[in-house]
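To start, the structure itself, in C-alpha cells.
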There are 2 protein chains.
Amino acid sequence: MGKDSLTGDQYHHGNLRAALLDSALVVLTEKGVAGFSMREAARRAGVSQSAPKHHFGDARGLLAALATRAYRQLCDRLESLELAGLDARERVTCIAAEYVAFAGENRALFDLMWRMTQFDFTASELAEEKHRALLILDRSLRGEDAEPPAHDTDPALVPSYAVWSLVHGYTTLALEGAIDSSNPDPLNSDLLNTMLALLDVSGPPRKSFP
Amino acid sequence: MGKDSLTGDQYHHGNLRAALLDSALVVLTEKGVAGFSMREAARRAGVSQSAPKHHFGDARGLLAALATRAYRQLCDRLESLELAGLDARERVTCIAAEYVAFAGENRALFDLMWRMTQFDFTASELAEEKHRALLILDRSLRGEDAEPPAHDTDPALVPSYAVWSLVHGYTTLALEGAIDSSNPDPLNSDLLNTMLALLDVSGPPRKSFP
DNA sequence: CGAATCATCTGCTCACTGTCAAGATGATGG
DNA sequence: CCATCATCTTGACAGTGAGCAGATGATTCG
C-alpha cells in the first residue's frame, strides 16, 4: 500500500495527506467539481485551512492527487478482471461494463478525471496512470502475448483507441443527458453492448496513420 | 436573428444581454471554465458587477445561456454541411470532421457544453439544442427521407448513438491528452477516420434495447 | 543529554468572487 | 404629467485560494 492508504492510524500528527484525500473525496462527491472547496476539505479533516499547502501545494495539486488516485483505482479494477477463456468481443464487453460501472459509482470523481487539463497541465504522475489505462485496455483486447505497442501512434493501437473512445463517449454523453435525458440513471449496458457489436474489434486497421 | 445576435447597435442602454454573452465568451476562452468570472465578464462589457443578474439570474444562468448558444452554433454548422450525393460512410466522415473542428476551434466552449450538469441540471432550452444535435446527426446518417425516430430509445437510433459516442469520446480523450499526450494539437482526423472505418454504420442493430 | 534542524501545522492578511438588498436612472404608456 | 416598470449602480456580506510569519513538535546530531 502506498502513502494514499485509506485508513490512517495516528491521525492528528501523522498521515494527514491520506486524511485530506479522503475528506476531499467526500466534499467532491457531495458538492461536485464546481462546488468543491479546499477549505472545507481541510475543515472536515479537522485541520486548519492552510494545512493542505505543505502536502499538495495548492488546490489544483489536491485535485490532481485525487484524480491520480482515482485513475489508479480504475486501472486496478480493470486489471483484476478475470478474462481468461473469453474471446475478444467478450473481453471488450467485460471491460466496458467495468468502465461504465466505475463512472456510475463515482460520478464526481469521474468528472474530475476528465477535467484536469483545466486545473493542471503538467501532472506527470497523473498522465502516467492515464496512459496505464490505455495499456491495460489494449492488453486485455489483444491478449497477454501480443506485442506491446511501440509508441502512442502505433497502428496496432487503433482498435483499442476505438473501443475506448466509444465506451468513454457513451459514458459522458449518457451522464450529460444526451442519450436519454428523461432517464435519471442513464447508464444502459444493453445499449452500450449493442453499439459495441457494430465495432470490428478483431482485425488490424486497414491503413496506418501518421 | 435571435436576441443573441453578435453585433449590438445601441449598447449601453440596449442589448446588454448579447454584449454580456460576447464578453463572457472572451473571458471563458482566455481563462477556461475553472478561471471564469462573471464579474470580469461584466467589467469587460463596461457595466457593473450585478448587471448580469437581471438577464441571467446568476452565474450558472450566464454559462447556461453561453452553452445554449454554442449548441446552436454547432447544430447550425452540422446542418449546413453539403452531404448530397455522398454515401453513408462519407457522410459520417464529413460530420465527424466538422464536430472535431468545432471542438478544436472552441475548446473552452466545448468544455463548457459538456460540463453543464455540474452547473445547472434544469436548463430546458439547452437540453433542446443538445437533442437537436442528435436529430441532425441521425438525419444526416440515415438520410432525409428515413423515418424519424419515435423516441429516444428507438433501436433505429443505435448507429447514430454509436457514431456520436465514438466521435465525442475520441474528441474528449484527445483534448485531455489520453491519445497522444506528447502532441500539443492532438486532434487527428486520419486516426478518427480509421476508427470510424471499424464501425458498421449501415445496417440496423441486431436486437432492440429496452 | 541537549541543542539545532527540519517537517508540519496554525493564524492572520489580502485580493477576489458570487449573491443580495436598496436605491438611482431612464423609458413607456395611460 | 406622472406613475410604472425594466434596467443598471452602489454598497455590503460571507466564502474562497493564496501567501507569509511564526508556533509546535519530531528527528538528528554534536
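Remember, it's a predicted structure, so these values are computed and weren't measured experimentally. Below, chain A is the first sequence line, B the second, and so on; all start at residue 1. What you see below is based on every heavy atom in this structure, not just the backbone, and it leaves out hydrogens, waters and symmetry mates.
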Does [X] place a side-chain N or O at less than 4.0 Å from the phosphate oxygens OP1/OP2 of [N]?
X       : N      : result
A:Arg43 : D:dT16 : yes
A:His55 : C:dC9  : yes
A:His54 : C:dT8  : yes
A:Lys53 : C:dC9  : no

Is [X] salt-bridged to [Y], going by a charged N under 4.0 Å from an acidic O?
X        : Y        : value
A:Glu129 : A:Arg69  : no
A:Lys31  : A:Glu40  : yes
A:Asp138 : A:Arg132 : no
A:Glu105 : A:Arg77  : yes

**Message:** Pairing donors with acceptors under 3.5 angstrom, does anything connect the side chains of B:Tyr99 and B:Trp164?
**Reply:**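 The answer is yes; a qualifying pair exists.
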**Message:** Evaluate A:His151 against B:Asp180 for side chain to side chain donor-acceptor pair (under 3.5 Å), listing each step before the verdict.
**Reply:** CA-CA 9 Å; A:His151 47 273; B:Asp180 184 3; over 6 Å; no
**Prompt:** Of all residues at least two apart in sequence or in a different chain, which pass the side-chain hydrogen bond (donor to acceptor under 3.5 Å, both in side chains) check with A:His54?
**Reply:**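 Result, side-chain hydrogen bond (donor to acceptor under 3.5 Å, both in side chains) vs A:His54: none returned.
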Distance check needed: [N] [atom2] versus [X] [atom1], whole Å only.
X       : N      : atom1 : atom2 : answer
B:Met38 : C:dC16 : CE    : P     : 17 Å
A:Phe56 : D:dG17 : CZ    : P     : 14 Å
A:Asp58 : C:dA15 : CG    : P     : 20 Å
A:Glu40 : D:dG17 : CD    : P     : 10 Å
B:Arg60 : C:dC20 : CZ    : C1'   : 15 Å

**Prompt:** Looking at D:dT9, C:dG18, C:dC9, which one has an atom nearest to any side-chain atom of A:Leu16?
**Reply:**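 Looking only at heavy atoms from C-beta outward on A:Leu16, the closest nucleotide is C:dC9.
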List every contact pair, protein side and nucleotides 12-14 of chain D side both N or O, where the distance is under 3.5 Å.
from	atom 1	to	atom 2	distance (Å)
D:dA12	N6	B:Gln49	NE2	3.2

**Test side-chain contact (heavy atoms from CB on, under 4.5 Å) applied to B:Tyr161 and A:Leu192, A:Ile179, A:Thr194, A:Leu198, the passing residue** = A:Ile179
**side-chain contact (heavy atoms from CB on, under 4.5 Å) partner of B:Arg44, the single match among B:Asp22, B:Leu20, B:Val27** = B:Val27
**Prompt:** Is B:Ser50 side chain donor-acceptor paired with the C:dT19 base, going by distance under 3.5 Å alone?
**Reply:**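 Between C:dT19 and B:Ser50, which were checked side chain against base, a qualifying N/O pair under 3.5 Å is absent.
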**Message:** Heavy atoms only, 4.0 Å cut-off, all strands: where does A:Ser37 land among base, sugar-phosphate and nothing?
**Reply:**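 Sugar-phosphate, no base atom in range.
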**Asked** How bent is the helix from C:dC1-D:dG30 to C:dG30-D:dC1, comparing axes over its five end pairs at each side, to the nearest 10°?
**Response** 10°
